[in-house]
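A short write-up of the structure that comes next.
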Amino acid sequence: MSPAIFLLKRLPYCGHSITLHTYCEHIGVACADISVNVWYRVATSFLSASLGAVSITVSYTLILRALWGLPAPGASPKALHTCSSHLCVITMFYMPAFFSFLVHRFGHQVPRHILILLDNLYVVVLPILNPIVYGQALAFTAE
């Protein structure tokens, strides 16, 4: 986060001071060349997503390997159901984030109000769905 703050502090801002998104977007209000900021954002987004995906893949590979070695016959389906709820939440997070990133980068013909709606759904709805998914997983595990 610190490099982004320093990258933003160096920019002169002009024009309107109203952001058109739920989160702060400096691209439209900066008066200078923002190519360094854009490349930093692309690199951090790519690294964050790819390192997260690699870590998740490795951990779930190890979890599934351990599941096949469980001695109790009823433990494996419950553990597998818990893993599937985690994967559901991860998918609910990554897919809209990836879609939002791509639409903001390449979807110039998409109306602005649709972009704002998608961003608000991503920021508001996903945190509301997390407890619901985990609550269902807990209810299944408790049985």
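By the rule that hydrophobic residues join a cluster once side-chain heavy atoms approach within less than 4.5 Å of another member, I63 and L87 end up as members of one cluster. Note on I90: it clusters hydrophobically with I132, by side-chain heavy-atom contacts below 4.5 Å among ILVMFWY residues.
Atom-to-atom distance recorded for T61:OG1 and I56:CD1 is 11.5 Å, nearest 0.5 angstrom.
Take S35 and apply the side-chain hydrogen bond (donor to acceptor under 3.5 Å, both in side chains) test, not counting sequence neighbours, and it matches D33. Residues meeting the side-chain contact (heavy atoms from CB on, under 4.5 Å) test with F46, sequence neighbours left out: S50.
Across all non-hydrogen atoms, the minimal contact from S55 to S59 is O-OG, 2.5 Å.
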